[in-house]
Colleague: 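Here's a structure for you.
This one's a predicted model, so the numbers in the text were calculated from it and none came from an experiment.
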Amino acid sequence: QVQLVESGGGSVQAGGSLRLSCAAAPYIDWSTCMGWFRQAPGKEREGVAAVYSGDSGTNYDDSVKGRFTISQDNAKNTLYLQMNSLKPEDTAMYFCAAETSAFCRHYSLAPGDYSDWGQGTQVTVSS
């Protein structure tokens with residue numbers, strides 16, 4: 001089990017950028033499955049991006065492909081989400097998640113595949 005704390009959210013205009021960070025404790029490593037999710041008011045939580053550093057593989061929801069980049073720095077125990085060309089429809093609470101079991105599903109965008117969650121950071125994009 002890992003404790004996760006997100007940061008980096010804020011308010012930006014459409015077309016702007018933000019970089020989200022997720023600090024993990026005690027640690028994450030190559031075997032940890034990790035992902036970013038978001039939830040807008042009245043909507044279900046949805047997967048945005050996932051990474052498995054064991055093979056450097058990533059997966060993105062179609063709505064963010066080409067605009068968002070997920071990365072993981074195991075030396076710093078931190079997960080990142082670089083968000084460019086932000087749109088008003090990206091407005092949501094963003095959560096990072098981790099699954100440390102030996103059989104975690106690599107690159108999964110399904111919330112049910114993750115056991116550990118942060119408290120979230122708000123991203124608001126205005127038009």
Side-chain angles (χ1 to χ4, degrees):
Q1 186 177 12
V2 294
Q3 307 297 319
L4 303 170
V5 179
E6 302 95 336
S7 62
S11 297
V12 296
Q13 290 191 328
S17 298
L18 284 173
R19 188 193 194 199
L20 305 184
S21 298
C22 173
Y27 69 91
I28 53 177
D29 62 21
W30 63 269
S31 67
T32 309
C33 290
M34 300 203 72
W36 284 100
F37 296 79
R38 65 187 180 187
Q39 188 168 17
K43 295 187 177 181
E44 293 187 353
R45 190 169 298 189
E46 62 178 3
V48 173
V51 63
Y52 181 67
S53 64
D55 60 11
S56 301
T58 58
N59 186 25
Y60 296 92
D61 183 78
D62 286 345
S63 65
V64 306
K65 282 182 180 177
R67 300 188 298 121
F68 290 11
T69 302
I70 188 171
S71 60
Q72 182 174 336
D73 187 335
N74 294 331
K76 296 183 178 180
N77 295 314
T78 303
L79 181 73
Y80 301 99
L81 186 68
Q82 178 66 43
M83 305 187 295
N84 299 328
S85 302
L86 283 161
K87 303 176 181 180
E89 50 263 45
D90 294 319
T91 295
M93 185 72 78
Y94 282 70
F95 301 87
C96 69
E99 178 56 54
T100 59
S101 70
F103 302 102
C104 65
R105 294 188 62 185
H106 303 173
Y107 336 119
S108 174
L109 295 179
D113 287 334
Y114 296 84
S115 298
D116 302 318
W117 293 83
Q119 83 290 346
T121 185
Q122 178 67 37
V123 172
T124 302
V125 185
S126 58
S127 58

Colleague: Looking at Leu20, is its backbone amide N or carbonyl O close enough to the side chain of Glu6 to form a donor-acceptor pair, meaning the two atoms are under 3.5 Å apart?
Modeller: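 Side chain of Glu6 to backbone of Leu20, a donor-acceptor pair under 3.5 Å: no, none is there.
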Colleague: For residues Phe68 and Trp36, establish whether the separation of their ring centroids is below 6.0 Å.
Modeller: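 No; Trp36 has its ring centre 6.0 Å or more from that of Phe68.
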Colleague: If I take atom CE from residue Met34 and atom SG from residue Cys22, how far apart are they, to the nearest 0.5 angstrom?
Modeller: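 With rounding to 0.5 Å, CE (Met34) is 4.5 Å from SG (Cys22).
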Colleague: Quick check on the hydrophobic clustering: are Val123 and Leu4 connected, directly or via other members, by side-chain heavy-atom contacts under 4.5 Å?
Modeller: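 Yes, one cluster joins them.
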Colleague: Do His106 and Cys104 have side-chain heavy atoms sitting under 4.5 Å apart?
Modeller: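 Heavy-atom side-chain distance check passes, below 4.5 Å.
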Colleague: Work out which heavy atom in Ala92 is nearest to a heavy atom in Gln122; give both atom names and the distance.
Modeller: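 Looking at all heavy atoms of both residues, the shortest contact is O-NE2, 3.4 Å.
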Colleague: Any sub-3.5 Å donor-acceptor pair from Asn77's side-chain atoms to Ile28's backbone N or O?
Modeller: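 Between the backbone of Ile28 and the side chain of Asn77 there is a qualifying donor-acceptor contact (under 3.5 Å).
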Colleague: For Arg45 and Pro111, which heavy atoms make the closest approach, and how far apart are they?
Modeller: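 Where Arg45 meets Pro111 most closely, the heavy atoms are O-CG, 3.8 Å.
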Colleague: Indicate yes or no: at least one non-hydrogen side-chain atom of Arg38 is less than 4.5 angstrom from one of Ser63.
Modeller: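 A side-chain contact under 4.5 Å exists here.
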Colleague: Do Cys33 and Asp113 come within less than 4.5 Å of each other through their side chains, counting heavy atoms only?
Modeller: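 Counting from C-beta outward, Cys33 and Asp113 never come under 4.5 Å.
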Colleague: Can a donor-acceptor pair be found, under 3.5 Å and without considering hydrogens, that links the side chain of Thr91 to the backbone of Val125?
Modeller: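 Present.
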Colleague: Are any of the side-chain nitrogens in Lys65 or Asp62 under 4.0 Å away from the carboxylate oxygens of its partner?
Modeller: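 Yes, charged N to carboxylate O under 4.0 Å.
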Colleague: Quick one: do the Ser115 and Glu99 side chains pair a donor with an acceptor below 3.5 Å?
Modeller: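 The answer is yes; a qualifying pair exists.
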Colleague: Which heavy atom of Leu81 sits nearest a heavy atom of Ala49, and at what distance?
Modeller: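 Looks like CD1-CB, 4.1 Å.
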Colleague: Looking only at heavy atoms, what is the nearest atom pair of Gln72 and Val51, with distance?
Modeller: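 In this case the closest contact between Gln72 and Val51 is OE1-CG1, 3.4 Å.
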Colleague: In Å, rounded to the nearest 0.5 Å, how long is the span from OG of Ser127 to NZ of Lys87?
Modeller: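 With rounding to 0.5 Å, OG (Ser127) is 13.5 Å from NZ (Lys87).
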Colleague: Please say whether more than 12 non-hydrogen atoms of neighbouring residues, nucleotides or ligands are located less than 6.0 Å from CZ in Arg67.
Modeller: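 It does: Arg67 CZ has more than 12 such atoms within range.
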Colleague: Counting distance only, does the side-chain N/O of Tyr114 pair as donor-acceptor with the main-chain N or O of Ser108 below 3.5 Å?
Modeller: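 Confirmed, Tyr114 side chain pairs with Ser108 backbone.
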Colleague: Looking only at non-hydrogen atoms, find the nearest pair between Ser71 and Leu79 and report the distance.
Modeller: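 Shortest heavy-atom separation between Ser71 and Leu79 comes out as O-CD1, 3.3 Å.
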Colleague: How about Asp90 and Met83: do any of their side-chain heavy atoms sit closer than 4.5 Å?
Modeller: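 They are not in contact (no side-chain heavy atoms under 4.5 Å apart), so the answer is no.
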Colleague: I need the minimum non-hydrogen distance between Asp61 and Gly47, along with the two atoms involved.
Modeller: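 Distance-wise, the nearest heavy atoms are CB-O, 3.5 Å.
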Colleague: With sequence neighbours excluded, tell me which residues meet side-chain contact (heavy atoms from CB on, under 4.5 Å) with Thr69.
Modeller: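 Result, side-chain contact (heavy atoms from CB on, under 4.5 Å) vs Thr69: Tyr60, Gln82.
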Colleague: Looking at Gln119, I want to see if its CD is surrounded by more than 12 non-hydrogen atoms of other residues, nucleotides or ligands under 6.0 Å.
Modeller: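 Atom CD in Gln119 is packed in, count exceeds 12.
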Colleague: Nearest 0.5 angstrom please: Phe37 CZ to Phe95 CZ, how far?
Modeller: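 Separation between the atoms: 11.0 Å.
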Colleague: With a 4.5 Å limit on heavy-atom distance, are the side chains of Glu46 and Leu109 in contact?
Modeller: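 No; the side chains remain at least 4.5 Å from each other.
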Colleague: Would Thr32 and Val2 count as a side-chain contact (heavy atoms from CB on, under 4.5 Å) here? Give the steps.
Modeller: CA-CA 10 Å; Thr32 309; Val2 294; 5.7 Å; no
Colleague: Same hydrophobic cluster for Val12 and Val64, using side-chain heavy-atom links shorter than 4.5 Å among ILVMFWY?
Modeller: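 Same cluster.
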